[in-house]
Amino acid sequence: MFLWFHKWGSPPHFYRIAGKWIPWLTGIFLLLLLAGLYGGLVLAPPDYQQGDSYRIIFIHVPAAWMSLLIYIIMAFCGIIIIVWRMKLAEVVLISSASIGASFTFLALATGSIWGKPMWGTWWVWDARLTSELILLFLYLGVIGLYNAIDDKRIAAKAVAILAIVGVVNIPIIHYSVEWWSSLHQGPTITKFDKPSIHWSMLIPLLLMALAFQVYYVLTLFQSCRGELLKRERNSKWVAELSEGNDV
Amino acid sequence: MKAYSLTQAYLYLLQRDLTLCFRNRAEFANPLLFFILVITLFPLAIGAEPVLLSRIAPGIIWVAALLAAMLSLDSIFRSDFDDGSLEQLLLSAHPMPVLVLAKVTAHWLVTGLPLLFLSPLLALMLGMPSEALGTLLLTILIGTPILSLIGSIGVALTVGLAKGGIILSLLILPLYVPVLIFASSAIEGAAGGLDVSAQLYMLLSFFFLALSLSPLATASALKMSMS
């Protein structure tokens, strides 16, 4: 177990393994994406109230889930950084931040595109929209702080503290914003015993969620590889890589 | 050398910071003037209708309080960082979170507490109903220490940076959102004659959460900034 942990933590090993996984992940992602999109856009029936425009949830909901999940992953990396000072966790944290910010932005953008025909306006100051917007600011804060500090190892530690502080605050912010006002339709997936969403919509939705997760891991691996090369450019294994030309 | 107890160390540091503030009065009057100025700008910008102003007064006062707190935050650690006394504090035998708490207390006494005296005056100028004044004072009393406590984390993270001020607002303002929501909704509720104990209890719980956790985060962020 510890050996496995140690192996994954070593940059050259991670670099190699991640490189091997990327084609497989791309394949799985494409399969899931096609299946999810086909199920969502073709097979699923139109909603009796919202017609076809509800179909944007197949992008919107998974993106919103990912935006939360990635922040939690970042906070975990933050704990690992502070306790064990693992270099790989630093790379994962900072690579996740920009991916998470993109998912958050995607959720916001698709939400407002959906809001135009449904609510008649691009933006309402509703609870979940607002807390998603604040989440975007938290992500931008992480990215901004990391870029502001020149020494990247210190920057990673600063960002780790910020991510942990943020994750303590996310539920507080979320519930206070919820309390403040709510116009958004209630959650339809969390009620697992009797979901208020039909299975013909649920299955494509879950497929899309899986596709997004695989996509996250895929982009994470790619940007981690890049970040590792940049950070370790003076180390021996990178020099060997570039000599052997098998990048 | 005489050994000081933890309480003594806390009190000495508090005394030192307060003395320093007293010697630099102009610097510490700035956030308070800023608070008054921002509030003055609102009637000028949106018109002096009494109904409208009294409706948005709680929000204006609290947004101005957040901005004033933001403006003054940098002074918690900046000068100590520049002259090296922060390093000495880190080297001291006393636990850093307690020393951090002393500095935060001093910051609140200088920037948060005066708002307690200024805000009723401004609230009356904005036409806030007098029933809400008591609640306004309570929210300022409970809320501003939270601003100083959470803010200290952000300052500790950015104190080593040359241009920390810009990024500080991005780090800190999202974390201030719950305080803003509950404080202004408490005042609004009180103005409407509602029972606002729920909001005040929420604010109090935020205060205790921030009081117990944020000095730890600030201390570790300071250690990071000094490394």
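Atom set for the values below is all heavy atoms of this structure, side chains included, hydrogens, waters and symmetry mates excluded. Reminder, nothing fancy here: chain letters follow the sequence lines and each chain counts from 1. Since the structure is predicted, the reported quantities are computational estimates derived from the model, not experimental observations.
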For A/Ile154, which atoms come within 4.5 Å of any heavy atom of chain B: side chain, backbone, both, or neither? both

Crowded around [X] [atom1]? As in, over 12 foreign heavy atoms under 6.0 Å?
| X | atom1 | result |
| --- | --- | --- |
| A/Phe105 | CZ | no |
| A/Phe76 | CZ | no |
| A/Lys116 | NZ | yes |
| A/Arg231 | CZ | yes |
| B/Glu131 | CD | yes |
| A/Tyr175 | OH | no |
| A/Phe212 | CZ | yes |
| A/Arg85 | CZ | no |

Using only non-hydrogen atoms and a strict under-4.5 angstrom cutoff, which residues of [range] touch chain A?
| range | answer |
| --- | --- |
| residues 184-199 of chain B | B/Ser185, B/Gln199 |
| residues 215-223 of chain B | B/Ala217, B/Ser220, B/Ala221 |
| residues 81-112 of chain B | none |

A/Ile172 side chain reached by B/Leu209 side chain, heavy atoms, under 4.5 Å: yes

Distance, nearest 0.5 Å, that separates CE of B/Met224 from CD1 of A/Ile81: 11.5 Å

Value rounded to 0.5 Å, distance of OG1 in B/Thr158 from CD1 in A/Ile149: 8.5 Å

In terms of heavy-atom contacts, A/Ala158 and B/Leu157 come closest through O-CD2, 3.5 Å

Minimum-distance pair of heavy atoms, taken over all atoms of A/Ala148 and B/Leu161: O-CD2, 3.5 Å

As an exercise: rank [options] by heavy-atom pairs under 4.5 Å with chain B and give me the winner.
| options | answer |
| --- | --- |
| A/Ser131, A/Gly141, A/Gly166 | A/Gly141 |
| A/Leu162, A/Leu135, A/Ile164, A/Thr130 | A/Leu162 |
| A/Asn169, A/Leu145, A/Ile82, A/Val168 | A/Leu145 |

Does A/Ser235 have any side chain to side chain donor-acceptor pair (under 3.5 Å) partners at least two apart in sequence or in another chain, and if so, which? A/Trp237

Among B/Leu213, B/Leu171, B/Ile153, side-chain contact (heavy atoms from CB on, under 4.5 Å) partner for A/Val165: B/Ile153

